[in-house]
Participant: 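For reference, the structure I am asking about is given below.
Residue indices begin at 1 and follow the sequence shown. Source: prediction; values computed, not measured.
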Amino acid sequence: MLTLGLIDLLRRLQRATHPAWLYLFYGLGALTSGILAVHDPTLPSPTHLPGLVSSHMLMGGLASLTLVFKVLVDHRLIGGKVAYLYPLILAVLGVQWILFSEPGETGAGIEQGPAD
């Protein structure tokens, strides 16, 4: 996500003007949203709870929707007030990322095997 933000910032500051940067942004955005959408948190792990599946799917779906709006706005296929949906959806995704935390991130409750 930070890489996507950096690429977008450099493009807005006219530091990355080659068209390849735009398509790199699209590719990385599709990759990260796809990973979130198809990520299988049901694999055996002490940190994965049932609510995590829906949270990952929601984040992946919002990330995909954000990317679609980014493409439509960049290529001027939508404009006017509809174009404001892109930053709005991006803000909702950001809030979700801020509020999200996987249980056990601090390491509490995770049993470790014997040290060799």
Side-chain angles (χ1 to χ4, degrees):
M1 290 305 292
L2 293 175
T3 304
L4 292 173
L6 180 63
I7 291 171
D8 202 31
L9 176 66
L10 291 174
R11 288 190 62 243
R12 289 177 188 270
L13 294 174
Q14 302 295 320
R15 300 281 189 201
T17 57
H18 194 276
W21 285 104
L22 180 65
Y23 296 107
L24 177 64
F25 181 92
Y26 295 158
L28 288 175
L31 179 69
T32 55
S33 65
I35 287 173
L36 274 172
V38 300
H39 172 65
D40 187 9
T42 60
L43 295 175
S45 170
T47 63
H48 291 141
L49 298 175
L52 202 57
V53 175
S54 61
S55 182
H56 277 103
M57 290 298 293
L58 182 62
M59 271 194 270
L62 273 175
S64 297
L65 185 62
T66 305
L67 183 62
V68 167
F69 270 96
K70 171 81 171 148
V71 170
L72 293 174
V73 168
D74 282 351
H75 293 284
R76 292 174 174 64
L77 297 175
I78 61 171
K81 292 184 179 184
V82 178
Y84 289 113
L85 286 175
Y86 168 66
L88 180 65
I89 295 171
L90 190 61
V92 169
L93 182 63
V95 167
Q96 187 181 14
W97 275 75
I98 289 171
L99 297 177
F100 177 77
S101 68
E102 286 195 27
E105 282 183 340
T106 60
I110 299 175
E111 296 181 24
Q112 297 179 4
D116 290 324

Participant: Dump the intermediate steps for side-chain contact (heavy atoms from CB on, under 4.5 Å) on L22 and H75, then the final yes or no.
Facilitator: CA-CA 11 Å; L22 180 65; H75 293 284; 4.3 Å; yes

Participant: When clusters are formed by joining ILVMFWY residues with side-chain heavy atoms under 4.5 Å apart, either directly or through shared neighbours, do Y84 and L77 land in the same one?
Facilitator: no

Participant: Output the distance between atom CG (L31) and atom CG (L24), rounded to the nearest 0.5 Å.
Facilitator: 10.5 Å

Participant: Please find the pair of heavy atoms, one from T66 and one from L62, that lie closest to each other, and give the distance.
Facilitator: OG1-O, 2.7 Å

Participant: Working to the nearest 0.5 Å, report the span between OG of S64 and CG of L93.
Facilitator: 10.0 Å

Participant: Within this structure, what is the CG-CZ distance for the pair D74 and F25, rounded to the nearest 0.5 Å?
Facilitator: 7.5 Å

Participant: Can you name the residues that form a salt bridge (Lys or Arg N to Asp or Glu O under 4.0 Å) with R76, not counting sequence neighbours?
Facilitator: none

Participant: Starting at CG of L67, measure out to CG of L72 and round the result to the nearest 0.5 Å.
Facilitator: 9.5 Å

Participant: Considering non-hydrogen atoms only, spot the tightest contact between V82 and F69 and give its length.
Facilitator: O-CE2, 4.3 Å

Participant: Return all side-chain donor-acceptor pairs below 3.5 angstrom for residues 2-15, not counting sequence neighbours, or 'none' if the list is empty.
Facilitator:
residue, atom, partner, partner atom, Å
D8, OD1, K70, NZ, 3.1
D8, OD2, R12, NE, 3.2

